[in-house]
Amino acid sequence: MNAVEIEEAVSELVDQPFDTAEFPFAFLAAFGNKETTIKRLRTASANASDVTGGVLQKSNIHIATCSEGMVGETLIALRNSPKTTSNKVKFILATDGLSFEAEDLTSGETVACAYAKFPEHFGFFLPLAGITTVKQIRESSFDIRATGRLNKLYVELLKDNPDWATAARRPDMNHFMARLIFCFFAEDTDIFNGEGLFTATIDQMSDRESSNTRYVISTLFRAMNTRIEDRAKAELPRWANGFPYVNGGLFSGSTEVPKFSKIARSYLLHIGGLNWKMINPDIFGSMIQAVADDDERGALGMHYTSVPNILKVLNPLFLDDLRDRLEEAGTNPRMLLNLRRRMSRIRVFDPACGSGNFLVIAYKQMREIEAEINKRRGESDRRTEIPLTNFRGIELRDFPAEIARLALIIAEYQCDVLYRGQKEALAEFLPLDAENWIVSGNALRLDWLSICPPAGTGIKLHAEDLFHTPLDQPQIDFENEGGETYICGNPPYLGFTWQSREQKAEIRELLGGRSSASGFLDYVAGWFVKAAEYIDRTGSVAAFVATNSICQGQSVPLLWPHVFEAGCQILFAYTSFKWSNLASNKAGVTVAVIGIGRPTSSPRKLFEHDDTGGVVVRMGASITPYLTLGQSIIIEKRNAPISDLSVMEFGNKPTDGGHLLLRPDEVPLLGLSQKEEATFIRRIYGSDDFINGGGRCCVWIEDTHLGEALAIDTIRERVDAVRRVRLSSPDKGANALAKRAHQLKLMRIGTRHAIVVAGVSSEHRSFLPVGLVDNRTTLTNLAFALYDAPLWNMALIASSLHISWIATVCGKLETRYRYSNTLGWNTFPVPPLTEKNKADLTRCAEDILLAREAHFPATIADLYDPDAMPADLRAAHERNDEVLERIYIGRRFRNDTERLEKLFELYTKMTANLGKSPKARRAATI
DNA sequence: CATCCGACAGGAG
DNA sequence: CTCCTGTCGGATG
């Protein structure tokens, strides 16, 4: 159950008549407990409660219902119950059907309210359903309730008005929903004259069968679109005339209203009954945007972005600086005034704004600083000088764009109430004076300079996209020309495999043919390229959260030279961290925050998360595109080693639908003779097999044995299955392989042995998984091989030097090591090795293998468990590092920083004459 | 033809 | 569910 479903269940529960005996079970059911769990709890033996009327669920909650007026005493009894302690209960709850009290025993937080109101606090109990991920969400019960109900209304309205679901009418539908939300907010915050006026008017004026709901609502909208002085000739009915003139774009355009069924009408009234004063524009926005998205509707709020994460972008981008200036100003009125003037001209531009949460948070944070300035200057009730229209955004989807503007309007009102008071907020709120300054369109196709024109440069273009489709939105001038512009946001990430044809074309267009392999770039890279161009013209600063892969492996040479050529540097960054997300069973994505701009005199800041969840800042003169401190050297892939090393090859890609691969226990089922088994079965290793000692087998048929092999039924069936899989693949390469369905794509195998490196492996190990396999073992595409190579190669791969290099320059799977021959092995700089060196290293590699042997049958995973690595194996690696590092610098390196410094220095030297591409050479000098 | 990546994916605890 | 850690095959140049 997700949070929205739980909210619905809880609201349903409270609408039922209160049943003393049943309530505890109904409550548990509402929080997603299975019928069987509850059935068990009903039996006296499973219910551990020692309180009258109590139900206790182990490690979760102790609930008791009681007679009227006894709630306080009952809660105390629950708290003091020995069973509460012994069963590690997290929550206690007491209710008599009139009042409701509960306590979170971990945090000590309490809830006490009327029974009917407890659904408003359902977020308090979300940990019961295993939802603990995001604290903000837990505290946003209102936003979840509102989202769930708006979602139901939206779906119902589309059902009644199928034509509104078409692409052409969707914007009308979305605009209509935005108006509704505004009205709900307005009627609960005195913006309308009278509590609940909007909902009450619809309730009274439209009949229960809903035949005229549409008329009533559109009449109200018409009123809100009519100036007071024009009211007389508008001939509005008396009940509509009491509504203020709102407009501001919100009630202009089509004020058409969809048809309302009886159900839709009741949903509408139900939503109006919520307390919209509680809305959090930032959180609500990110949840509500899923409502209009047919694909996302099932997973409401999944892409929720938390405030702390948003601040990782905004603080280092400019808010920290504003706060420093505030600190510096102290109570000096002149300095405070200058800061306020500066802030009034700051523009924040989010070219992927979604429902505007970056803009809303930036606005609220700036208002907080401004309020402090005004307080220190003794001007507490002063009107804000931060214009809402300085918060600009571009958003592809129509509905979020609509919501973004609304969220900003609501944020402005809430800030006014908070810092200046209800009366002042109301006095200046209506009519809304701004046009729509959130542009709905494709940010990669639009010209950012015209949407967010730089101050004082005289650049003013018309907003039309690169494909010359005019934008039917008015141009809005910024207030206060001449300020700073900060670009921020969380643009969409999409790996090259998943991009549409159009998205690929956009990236290619943006790079204008400057990059030969742009087809490998993540979609998010487009925002960095656009931002760099914008910065080149305007000198602003930009920071985005992005998938960390744009700072890894092959993406680095594809993207970053363009950014650097535009005169940008990385000014600050957060290295990889997990982006929290509300979908509990879905893997999160790993991101980095990267800020770019023209070089400044202040040091670069590199933020890293430590193991305890804290943040460490390191400063330096420069940040590399791999998000390390140091000179920016970019490593490009190569197809041959720059050092004197053996050739490393990619493993065999099966592309067989699993039909040529076998688990060891499947081999006997083939019914082969011993001789046949020796001819047709080989061992095959991927990363997992190699690291965890699984060891699969594969069918191995040399062309000369084909006839003999196909005569065996079990083998022929498998070959036929492979052919079908390959023919049905959308990949042309796979189709071609159908001709030799009896074989893996490649049939490489060592004549004596092969040195194996795992393709993907955990970043917690101190050394890369590398080892030796015999000539009956082949490899999948998840492993690399040096066939019949001298053993000293293995000593290099097993070294600390190599793992630092791989960790820095190769791609990653999230944060895992991902080995690559082209990016990591072929680029690895090694000084010339003498025969003596090679002999020493061979000895080291043998010692490592022997040390492992001594622990047979431990797997690589066992042996290299960071907490349990055997001492003799560790010693063998120490000796290996000692020998290798002496070859590099005559002594051991002190740490990885020193290792990388040396490796980059050597790489630069070794590649200087190797004919680099001009692009890479330029990048290397930055 | 070789290989990089995944707003991931699947198993273990 | 949360933590841990690497499959598999398409897309690309």
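It should be emphasised that the depicted structure is a prediction, and the values quoted were computed from it without experimental measurement. Just so we're on the same page: letters track the sequence lines, and every chain starts at 1.
- A gap of 15 Å separates the C1' atoms of dC8(B) and dC4(B), to the nearest Å.
- Taking the centre of each ring, Trp560(A) and Phe528(A) come in below the 6.0 Å mark.
- The distance between atom CD of Glu636(A) and atom P of dC4(B), rounded to the nearest whole Å, is 14 Å.
- Between the P atom of dC4(B) and the CD atom of Glu649(A) lies a distance of 14 Å, rounded to the nearest Å.
- The phosphate of dT12(C) (OP1 or OP2) has no side-chain N or O of Thr497(A) nearer than 4.0 angstrom.
- Side-chain atoms of Asn692(A) stay outside donor-acceptor range of the base of dG6(C), with no qualifying N/O pair under 3.5 Å.
- Side-chain atoms of Tyr493(A) lie closest to dA7(B) of the nucleotides dA7(B), dG6(C), dA11(C).
- Side-chain atoms of Lys637(A) and base atoms of dT3(B) include no donor and acceptor less than 3.5 Å apart.
- Taking atom CD of residue Gln499(A) and atom P of nucleotide dG10(C), one finds them 18 Å apart after rounding to whole Å.
- Aromatic rings of Phe91(A) and Phe125(A) (six-membered ring for Trp) have centroids within the 6.0 Å cut-off, being under it.
- With hydrogens and angles ignored, a donor-acceptor pair under 3.5 angstrom links the side chain of Arg818(A) to the base of dG6(B).
- The residue Pro492(A) sits close to a base: some heavy atom pair falls under 4.0 Å.
- In this structure, the CG atom of Asn309(A) is 14 Å from the C1' atom of dA7(B), given to the nearest Å.
- The base of dC5(B) does not come close enough to the side chain of Gln554(A) for any donor and acceptor atom to sit less than 3.5 Å apart.
- Of the side-chain N and O atoms in Asn821(A), one or more sit less than 4.0 angstrom from OP1 or OP2 of dT3(B).
- Checked against ring-ring contact (aromatic ring centres under 6.0 Å, His included), Tyr817(A) has no partners two or more places apart in sequence or in another chain.
- dT7(C) makes up no base pair with any nucleotide shown, lacking Watson-Crick or G-U wobble contacts both under 3.5 Å.
- The cationic atom of Lys637(A) (NZ for Lys, CZ for Arg) lies less than 6.0 Å from the six-membered ring centre of Phe520(A) and within 45° of the ring axis.
- Spacing between dG13(C) and dA7(B) at atom C1', rounded to whole Å, works out to 26 Å.
- The phosphate of dG6(C) (OP1 or OP2) has a side-chain N or O of Arg765(A) nearer than 4.0 angstrom.
- For dG13(B), the paired base is dC1(C) (Watson-Crick or G-U wobble, both distances below 3.5 Å).
- Using a 4.0 Å heavy-atom cutoff across all strands shown, Gly657(A) reaches sugar-phosphate atoms only and no base atom.
- Counting non-hydrogen atoms under 4.0 angstrom, Ser820(A) reaches the backbone sugars and phosphates but no base.
- For Lys812(A) and dG6(B), a side-chain-to-base donor-acceptor distance below 3.5 Å is absent, hydrogens and geometry of angles not being considered.
- Each of Phe520(A) and Thr655(A) was matched to the nucleotide of DNA chain C holding its nearest heavy atom; the match closer to the 5' end belongs to Thr655(A).
- Lys578(A) and Glu814(A) are joined by a salt bridge, as a carboxylate oxygen and a charged side-chain nitrogen come within less than 4.0 angstrom of each other.
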